[in-house]
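Atoms within a ligand are numbered from 1 in the order they appear, just like the ligands themselves.
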Amino acid sequence: MEFSIRSGSPEKQRSACVVLGIFEPRKLSLPAEVVDHAARGHLSDLLRRGDMEGKAGTTLLLHNVPGILADRVLLVGLGKEKEFREKEFRAAISTAVKTLNETGGFDGTLYLTELTIKKRDVAWRVRQATMVALEALYRFDRLKSKKEDVRRPLRKLTFCVERRNELAAAEDGLLQGQAIAAGSGLMKDLANLPSNICTPGYLAEQARELADEHSLGIEVLERDAMEALGMHTLLSVAKGSHEPPKFIVLKHSGGKADDKPIVLVGKGVTFDTGGISLKPAPEMDEMKFDMSGAASVLGTMKAVAAMKLSLNVVAVVPATENMPGGGATKPGDVVTSMSGQTVEILNTDAEGRLILCDALTYVERFDPACVIDVATLTGACVIALGHVATGLLANTDSLARELLDAGQEAYDRAWQLPLWEDYQELLNSNFADMANIGGRASGTITASCFLSRFTKKYNWAHLDIAGTAYRSGKEKGSTGRPVPLLAHFLMARAASRP
Ligand code: BES
Ligand code: MN
Ligand code: ZN
């Protein structure tokens, strides 16, 4: 998709289609008023006759509108003006782009980016519009033998801004939106692939391609290197599988040589059967998404590289399957982590924390500014926060605050849960330093308590994306979250760098 930014009057745009917003009930947005004027009241006539109310989600396509240069006008319902906020803006953009794509024109000129949203500037509106547009057009059909081709697909989108002095900010927003959408797109592609294609080895190959494309540093550790490092909790998960585990390290060096890096760690379980603590059959296919954390940190690296952020960022992905093979770890087995702490594995389905804890110990070597791990870690998080907010837990409140703010800015929001000492005792074990599960109560918190025992040496936050990384049912597929949150966090860090 080609994008551009323009300022200028809607009636003078030579375009296959100009897109204008209509508020409920039957109220023209400002650019629509301008067109209405040029068209001698054509639009207000239509509204008066009741052709459109302006309800959110509705559209009306017009041909031969008098007094304008565009071939068509697409009216998009925005809902009530008083209630027009981030969510409604995003929905309007999405509706407009999907409709344009099915309308047959090769290009569209959107005036929706001129609408005002409280506390959101033009860069925000264009950045969001770009991300939402690319999201609306995303397809994953590479495994279908017949592709459902759109007959005359949309090739170009133009976002309009009111004033010429907004052009530069809008261009910045556009580039950022494109970079973040490319990152989310990579995450979606990786996460949507089934586990027979997207194996740990495949993730390592994709990381290598990403490194080649953007000149990132890369290192992939094989099983023998993991053994030498003493990563036995990670290896205990890989033991039941025929697929060899991989430990991927990617580096973006956009900062000064002595800038401490921000480290992202992503859970890369390419399929989670539960291991010997086998999961029930219904919906087990969705456990191909259990590498969404890994996919999100790789996607974020793509966005960071595309934006050339002046930061040092390291992405670390422990990748393995969790299978119940003959060599698999059994409930009650005790293993020693890279940190030296011992773990009694009471449930082999609590495997995410077992691979993450060794990765979290490994990253100490980078002397990180902070570490953020991302994981589809607990079903309990889906119960607590549903599919709206990502779970956030942290050992440093200022870092948690930054991530919450980044989530708001990105419209990819997180919500903090407590990580109080009082929960730690739930992990007590009679046979090892700790158990890998804490019982049914507060499952997201006890999982984080487990991780917190491996993150004492640096500022750390954990994102539980079990409810937000993918959708089930008819719309089954990866959401690309939390790439926007992470990208915005890193953009803010880059902007505030001394
Ligand atoms: N990958 C799952 C978590 C999960 C569950 C993600 C549902 C998305 C949807 C994780 O490895 C897991 O199995 N967690 C267990 C932990 C339990 C055994 C303490 C869970 O949440 O049931
Ligand atoms: Mn599991
Ligand atoms: Zn899992």
Q: Just do the salt bridge (charged side-chain N to carboxylate O under 4.0 Å, His left out) check on E86 and K118 with the steps written out, would you?
A: CA-CA 9 Å; E86 287 87 348; K118 222 193 208 161; over 6 Å; no

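- Between F450 and F454, the angle of the ring planes lies from 30° to 60°, which puts this pair in the tilted group.
- There is no side-chain donor-acceptor pair under 3.5 Å between N192 and S478.
- Of the N and O atoms on the side chains of T468 and T390, at least one donor lies less than 3.5 Å from an acceptor on the other residue.
- Nearest to the Zn ion (ligand 3), among the N, O or S atoms that D290 has, is OD2.
- The A466 neighbourhood of ligand 1 comprises atoms 6 (C), 8 (C), with distances under 4.0 Å to a heavy atom of that residue.
- Residue-level proximity to ligand 1 for K267 is carried by the side chain, the only part with a heavy atom below 4.0 angstrom.
- Looking only at heavy atoms of the protein, atom 16 (C) of ligand 1 is closest to R353 NH2, 3.8 Å.
- Between the side chains of T444 and T378, at least one donor-acceptor pair of N or O atoms lies under 3.5 Å.
- For ligand 1, the atoms sitting less than 4.0 Å from at least one non-hydrogen atom of Y470 are 8 (C), 9 (C), numbered in the order shown with element in parentheses.
- From C357, atom SG reaches atom CG of N436 across 9.5 Å, with rounding to the nearest 0.5 Å.
- Of the heavy atoms in L377, only backbone atoms (N, CA, C, O) come closer than 4.0 Å to ligand 1.
- Annotation: the span from L190 atom CG to S292 atom OG amounts to 9.5 Å, rounded to 0.5 Å.
- The atom name of the N/O/S atom in D272 closest to the Zn ion (ligand 3) is OD2.
- Angle OE2 (E351) to the Zn ion (ligand 3) to NZ (K267): 90°, rounded to 10°.
- For atom 4 (C) of ligand 1, the closest non-hydrogen atom of the protein is G379 N, 3.9 Å.
- One side chain, N347 or S277, offers a donor N or O that lies under 3.5 Å from an acceptor on the other.
- The nearest N/O/S atom of E351 to the Mn ion (ligand 2) is OE1.
- Atom-to-atom distance recorded for I437:CD1 and E344:CD is 9.0 Å, nearest 0.5 angstrom.
- Considering only non-hydrogen protein atoms, atom 2 (C) of ligand 1 sits nearest to D272 OD2, 3.6 Å.
- When hydrogens are left out, the protein atom nearest atom 1 (N) of ligand 1 is D290 OD1, 2.8 Å; that is the closest non-hydrogen contact.
- No other N/O/S atom of D272 lies as close to the Mn ion (ligand 2) as OD2 does.
- T270 and E243 form no side-chain donor-acceptor contact under 3.5 Å, judged by distance and modelled atom types alone.
- The protein does not reach atom 22 (O) of ligand 1 closely, with no heavy atom under 4.0 angstrom from it.
- Atoms of ligand 1 found under 4.0 Å from any heavy atom of E351 (numbered from 1 in listed order, with element): 11 (O).
- By the 3.5 Å distance cut-off applied to N or O atoms, G352 is not counted among the residues near ligand 1.
- For ligand 1, the atoms closer than 4.0 angstrom to any heavy atom of I437 are 19 (C).
- For the side-chain contact (heavy atoms from CB on, under 4.5 Å) with K302, the lone residue among H252, M187, M307, H214 that qualifies is H214.
- Atom 7 (C) of ligand 1 has as its closest protein heavy atom M287 CE, 3.8 Å.
- For a threshold of 3.5 Å applied to N or O pairs, the pair formed by N347 and ligand 1 contains no separation below that value.
- Of all atoms in ligand 1, numbered sequentially from 1 with element shown, those under 4.0 Å from a heavy atom of T376 are 1 (N), 2 (C), 3 (C), 6 (C).
- Any N or O atom pair closer than 3.5 Å counts here, and T378 shares no such pair with ligand 1.
- For the atom pair T329 OG1 and K239 NZ, the distance stands at 4.5 Å (nearest 0.5 Å).
- The backbone and the side chain of D349 each have at least one atom closer than 4.0 Å to an atom of ligand 1 (non-hydrogen atoms only).
- If you number the atoms of ligand 1 from 1 as listed, the ones under 4.0 Å from a heavy atom of K279 come out as 12 (C), 13 (O).
- Classified by interplanar angle (parallel below 30°, tilted 30° to 60°, perpendicular above 60°), the ring pair F289/Y470 is parallel.
- Distance check for D290 against the Mn ion (ligand 2): none of its N/O/S atoms falls below 2.8 Å.
- Side-chain contact annotation: Q424 with S452, donor-acceptor N/O pair under 3.5 Å present.
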